[in-house]
Amino acid sequence: MRGGSDVTPDDFAALLVDVKERILAARTRAVLAVNAELVQLYWEVGRIIHERQRAEGWGAAVIPRLSSALRNELPEVKGFSERNIKRMLAFFREYPEMGAGGIVPPPVAQMTGRSSAPEAAAHVPREVFWAVPWAHHIIMMEKVKHLPTRFWYMEQTLAHGWSRNVLAVQIETEAHARQGKAITNFSALLPSPQSDLAQQALKDPYIFDFLTLDEPFHERELETSLVRHLEKFLLELGQGFAFVGRQYRLDVGGEDFYIDLLFYHLRLRAFIVIDLKRGRFRPEYAGKLNFYCNVVNDLLRHPDDQPTIGLILCQSKDNLLAEYSISGIDKPIGISTYELTRALPTHLKSALPTVEEIERELAEVQYREEEGE
DNA sequence: GCACCGTTAGTGGCTAGTAG
DNA sequence: CTACTAGCCACTAACGGTGC
């Protein structure tokens with residue numbers, strides 16, 4: 001045993017990493033435990049009210065009484081407004097089987113790590129369910145009616161640490177219907193499980209509605225805009241994409257080639273070359289990207305890295321043509337589309353006031369002010 | 001060191017729509 | 001009609017980052 005004074009820097013660094021990880025892990029566990037207590041309490045309250053209502057024929061009239069009585073007797077306790085108690089009741093009715101002896105977690109499921117399957121699950125592990133924050137549960141109850149889809153969002157929320165706002169955006173843009181949907185040749189060219197992971201890392205379509213680009217635009221304009229909004233671009237790409245560069249120069253035999261966008265994927269441990277295209281997908285894009293992947297493999301890829309992956313982003317594609325085009329390619333390549341705007345649903349459109357309506361409204365306000373109260 | 005800002009989860013009020 | 005549900009959205013306290 002050495003004395004305490006001659007701890008080498010390496011020893012100390014290892015000690016620091018170890019202790020730090022334990023601190024962070026304990027903090028995460030504590031947060032999750034506190035959250036689970038809250039959500040379980042709300043579920044229990046919902047259950048009690050539900051069962052009393054059924055057994056004793058109470059109406060919803062108990063809820064206002066309960067709410068005001070609780071505020072009198074426990075004024076420091078928040079969260080038992082009428083609205084929230086009604087939500088607890090609705091929460092229990094949505095998931096009555098979540099109590100003791102309820103849904104058994106599938107053996108493979110883990111909270112972090114590998115991304116889950118794209119197919120919406122019929123069940124959700126209980127530790128995931130109870131770890132989802134209350135406010136997220138509320139959004140999902142309000143906006144995702146299909147239960148397996150809702151379970152998918154629960155898993156994703158925890159796996160990616162989505163905030164409430166991010167979750168709302170993912171739901172609005174129907175992330176569940178896009179994840180893993182790119183056309184690729186990964187299953188033929190990449191070993192499992194890398195092929196599954198890579199497939200899951202790509203979407204179709206990508207939605208770039210944070211851009212304000214007018215048609216017609218140039219590919220370089222699109223690229224510049226994406227880089228300018230890099231934060232949102234990365235969020236849309238999804239977990240794990242790290243930006244390496246744009247117009248990344250590759251020197252091949254004295255001739256320069258430029259990659260539109262180069263990323264490194266932290267989970268896949270592979271470079272991802274993105275080629276932006278206007279308009280429809282064309283078969284020759286695949287060949288060019290195949291070449292870029294070869295070059296990146298030669299010049300940039302570390303021996304420990306997985307094979308470089310190419311992604312073609314175009315505005316539309318014929319799926320059959322896309323499949324054929326990548327079937328003869330020897331590098332892993334995916335093809336997805338992007339949308340610059342997602343059309344407003346019609347009910348939203350009609351909810352937006354017209355100029356005339358706004359003017360009429362303003363005129364009325366002015367009229368009322370002149371009349372006095 | 002501190003004021004300011006934006007974001008967060010949790011909350012709760014309002015109300016359109018619906019059931020009874 | 002009333003009672004209730006469900007969706008929308010704004011408020012709030014807490015927190016973390018930033019610039020002076």
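Letters A, B, ... are given to chains in the order of the sequence lines, protein chains preceding strands, and every chain is numbered from 1. Just the heavy atoms: all of them, side chains too, but no hydrogens, waters or symmetry mates, feed the values below.
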Between A:Ser81 and B:dT11, is there a side-chain N or O to OP1/OP2 distance below 4.0 Å? no
Under 4.5 Å between side-chain heavy atoms, counting indirect links through other Ile/Leu/Val/Met/Phe/Trp/Tyr residues: same cluster for A:Leu313 and A:Leu261 or not? yes
Can you tell me if the side-chain N/O atoms of A:Arg93 get under 4.0 Å from OP1 or OP2 in C:dT5? yes
A:Arg249 with A:Asp256: basic N within carboxylate O range, under 4.0 Å: yes
Taking for each residue the nucleotide of DNA chain C with the nearest heavy atom, is it A:Glu142 or A:Lys78 whose nucleotide lies nearer the 5' end? A:Glu142
Using atom NZ of A:Lys86 as one end and atom C1' of B:dT18 as the other, report the distance to the nearest whole Å. 14 Å
Which whole-number value in Å describes the distance from A:Asn84 CG to B:dG10 C1'? 8 Å
Should A:Asn165 be listed as having a side-chain N or O under 4.0 Å from OP1 or OP2 of B:dT7? no
At less than 4.0 Å, is any side-chain N or O atom of A:Lys145 found next to OP1 or OP2 of C:dG7? Yes or no. yes
Describe, in one word, how the ring planes of A:His137 and A:Phe129 are oriented to each other, choosing from parallel (under 30°), tilted (30 to 60°) and perpendicular (over 60°). tilted
To the nearest angstrom, the CH2-P distance between A:Trp134 and B:dA9 comes to 15 Å
Please determine whether a side-chain nitrogen or oxygen atom of A:Asn35 lies at a distance below 4.0 Å from atom OP1 or OP2 of B:dA9. no
Between the base of B:dG10 and the side chain of A:Arg87, is there a donor-acceptor distance below 3.5 Å? no
I'd like to know if A:Arg269 pairs up with A:Asp304 as an ion pair, taking the criterion as any Lys NZ or Arg NE/NH1/NH2 lying under 4.0 Å from an Asp or Glu carboxylate oxygen. no
